[in-house]
Amino acid sequence: MKISQIAQILEGTFVTGEELSDREVYSACGSDMMSDVLAYVKDQGVLITGLCNPQVIRTAEMMDMLCIVFVRGKTPTPEMVELAKQRNIVLITSPRRMFSACGKLYSAGLQSGAF
Amino acid sequence: MADHVHLEYVVEGDNFVSAGSATESVKACLKGMGVKPEDVRRVAISMYEGEINMVIHANGGKATADIYMDKVVITLADTGKGIADIELAMKPGYSTATDDVRSLGFGAGMGLPNMKKYADECLIESTVGVGTKVTLVTKFSA
Ligand SMILES: Nc1ncnc2c1ncn2[C@@H]1O[C@H](COP(=O)(O)OP(=O)(O)OP(=O)(O)O)[C@@H](O)[C@H]1O
Ligand SMILES: [Mg+2]
């Protein structure tokens with residue numbers, strides 16, 4: 001699935017990285033705990049989260065993720081946007097809640113990449 | 001050419017914005033040297049866990065990375081409160097993190113087990129009231 005489709009499905013808005021929205025991603029992970037992302041994530045290209053602080057961007061970078069979706073309308077700070085820009089990470093904000101965001105992407109064919 | 005690359009960083013305590021920057025710098029260096037992405041990620045995850053621990057539990061410290069042809073040795077040393085029972089601290093789910101730290105997305109008690117999982121060697125030395133030193137050795141896959 002292209003990143004642009006993720007934005008479309010979640011009625012999301014690009015905060016940064018729209019020019020990278022042609023990139024393909026195959027699996028995603030939804031979590032508000034960065035500890036769990038670090039402990040359980042394998043090759044997921046997308047992080048869906050309700051947490052909004054600079055360590056979300058750092059965590060995604062450590063895991064080589066391409067895109068972060070902030071649910072519940074969370075808007076990243078300018079500091080976070082700058083960190084994401086430097087790392088070519090796409091940021092999307094969506095009005096959806098975590099459960100429905102994950103559900104919609106899952107039924108559209110995005111894999112969890114883990115059990 | 002020197003026989004290996006030595007890098008050093010000061011990690012600021014309780015700074016939740018800069019936390020992770022030492023790890024990112026090492027990650028970029030390894031990537032630039034052509035180390036395999038899987039190996040780079042293993043190093044990044046284990047070092048980041050250690051760096052975050054220094055920031056949230058130990059008021060910061062010093063990180064070093066020594067990169068050789070076949071491995072990288074990371075050390076994370078602090079002069080924080082130390083760990084009284086290392087075996088207990090290594091248990092998945094054990095955490096003394098405050099609600100404040102949890103609200104920032106950390107404190108699941110997964111950091112030390114995760115470091116052990118991703119590094120080939122993980123040595124934790126700690127003295128209560130003196131500080132903690134973590135040494136992580138990651139060998140590059142063939
Ligand atoms: N550098 C350190 N100095 C003092 N105590 C530490 C240090 N590193 C870890 N600890 C102690 O060991 C416990 C377990 O550490 P671990 O990294 O596994 O979990 P955590 O940091 O609490 O949560 P997580 O890593 O999942 O975000 C910590 O809660 C803390 O009490
Ligand atoms: Mg930790």
Side-chain angles (χ1 to χ4, degrees), chain A residues 23-66 68-72 74-89 91 98 113-115, chain B residues 11-12 14-28 30-31 35-53 55-57 90-97 99-119:
Chain A
R23 290 198 183 171
E24 284 283 342
V25 287
Y26 304 94
S27 61
C29 146
S31 181
D32 287 353
M33 276 303 266
M34 295 304 105
S35 299
D36 287 339
V37 174
L38 290 163
Y40 298 110
V41 167
K42 274 218 147 71
D43 252 320
Q44 288 85 330
V46 185
L47 174 62
I48 303 149
T49 187
L51 188 72
C52 195
N53 71 46
Q55 293 310 315
V56 178
I57 317 287
R58 303 262 193 207
T59 301
E61 160 70 19
M62 300 308 166
M63 312 304 284
D64 303 308
M65 290 171 139
L66 304 176
I68 304 169
V69 178
F70 295 95
V71 293
R72 304 192 293 275
K74 297 266 164 81
T75 312
T77 61
E79 200 168 48
M80 291 167 65
V81 175
E82 199 44 49
L83 284 172
K85 269 197 187 136
Q86 291 160 2
R87 290 157 185 77
N88 285 322
I89 295 173
L91 300 185
M98 177 66 98
F115 206 28
Chain B
V11 176
E12 213 180 300
D14 296 312
N15 186 334
F16 223 66
V17 176
S18 65
S21 52
T23 302
E24 282 195 48
S25 163
V26 171
K27 185 176 187 250
L30 291 171
K31 217 169 149 184
V35 175
K36 285 210 191 97
E38 310 89 83
D39 290 337
V40 174
R41 197 188 300 178
R42 284 199 297 139
V43 176
I45 295 172
S46 52
M47 180 173 175
Y48 182 50
E49 294 281 15
E51 187 176 353
I52 293 276
N53 278 354
V55 173
I56 64 181
H57 303 301
M90 289 294 301
K91 285 216 169 86
Y94 177 84
S95 175
T96 59
D99 284 347
D100 267 4
V101 166
R102 264 188 208 115
S103 71
L104 293 167
F106 292 90
M110 294 307 294
L112 295 177
N114 213 23
M115 274 159 44
K116 196 179 164 167
K117 175 173 145 196
Y118 283 108

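Every chain is numbered from 1, with letters handed out A, B, ... down the list of sequences.
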Next item on the list: Answer with side chain, backbone, both or neither: which region of A:T59 has an atom nearer than 4.5 Å to a non-hydrogen atom of chain B?
Entry: both

Checklist line | Nearest-0.5 Å distance that lies between atom CE in A:M62 and atom CD in B:E51 | finding: 6.5 Å

Checklist line | A:D64 (side chain) donor-acceptor with B:R41 (main chain) under 3.5 angstrom | finding: no

Next item on the list: Indicate yes or no for a side-chain donor-acceptor contact from A:Q55 to the backbone of B:A19 under 3.5 Å, with no hydrogens or angles considered.
Entry: yes

Notebook entry, point to check: Taking all non-hydrogen atoms of both residues, which atom of B:Y118 and which atom of A:A39 are closest, and how far apart?
Noted result: OH-O, 4.4 Å

Check: Minimum heavy-atom separation for A:D36 to B:A108, with atom names?
Finding: OD1-CB, 4.0 Å

Next item on the list: Under 4.5 Å, counting heavy-atom pairs only, tell me which of A:L51, A:V37, A:T49 racks up the most with chain B.
Entry: A:L51

Checklist line | Under 4.5 Å from any heavy atom of chain A - which part of B:F106 | finding: both

Margin query: Give me the atom names and distance for the closest heavy-atom approach of A:L38 to B:N114.
Written below: O-ND2, 3.0 Å

Notebook entry, point to check: So with a 6.0 Å cut-off around NZ of A:K74, is the heavy-atom count from everything else above 12?
Noted result: yes

Notebook entry, point to check: Crowded around B:K116 NZ? As in, over 12 foreign heavy atoms under 6.0 Å?
Noted result: no

Next item on the list: Answer with side chain, backbone, both or neither: which region of B:S103 has an atom nearer than 4.5 Å to a non-hydrogen atom of chain A?
Entry: backbone

Next item on the list: Measure distances from A:N53 to the heavy atoms of chain B and classify the residue's part below 4.5 Å as side chain, backbone, both or neither.
Entry: side chain

Check: Which region of A:E79, side chain (C-beta onward) or backbone (N, CA, C, O), has a non-hydrogen atom less than 4.5 Å from a non-hydrogen atom of chain B, or is it both or neither?
Finding: side chain

Next item on the list: Using atom types as modelled and distance alone, determine if a side-chain donor or acceptor of B:R102 lies under 3.5 Å from a backbone N or O of A:M33.
Entry: no

Note to self: At a 4.5 Å cut-off on heavy atoms, which part of A:M63 comes close to chain B: side chain, backbone, both, or neither?
What the structure shows: both

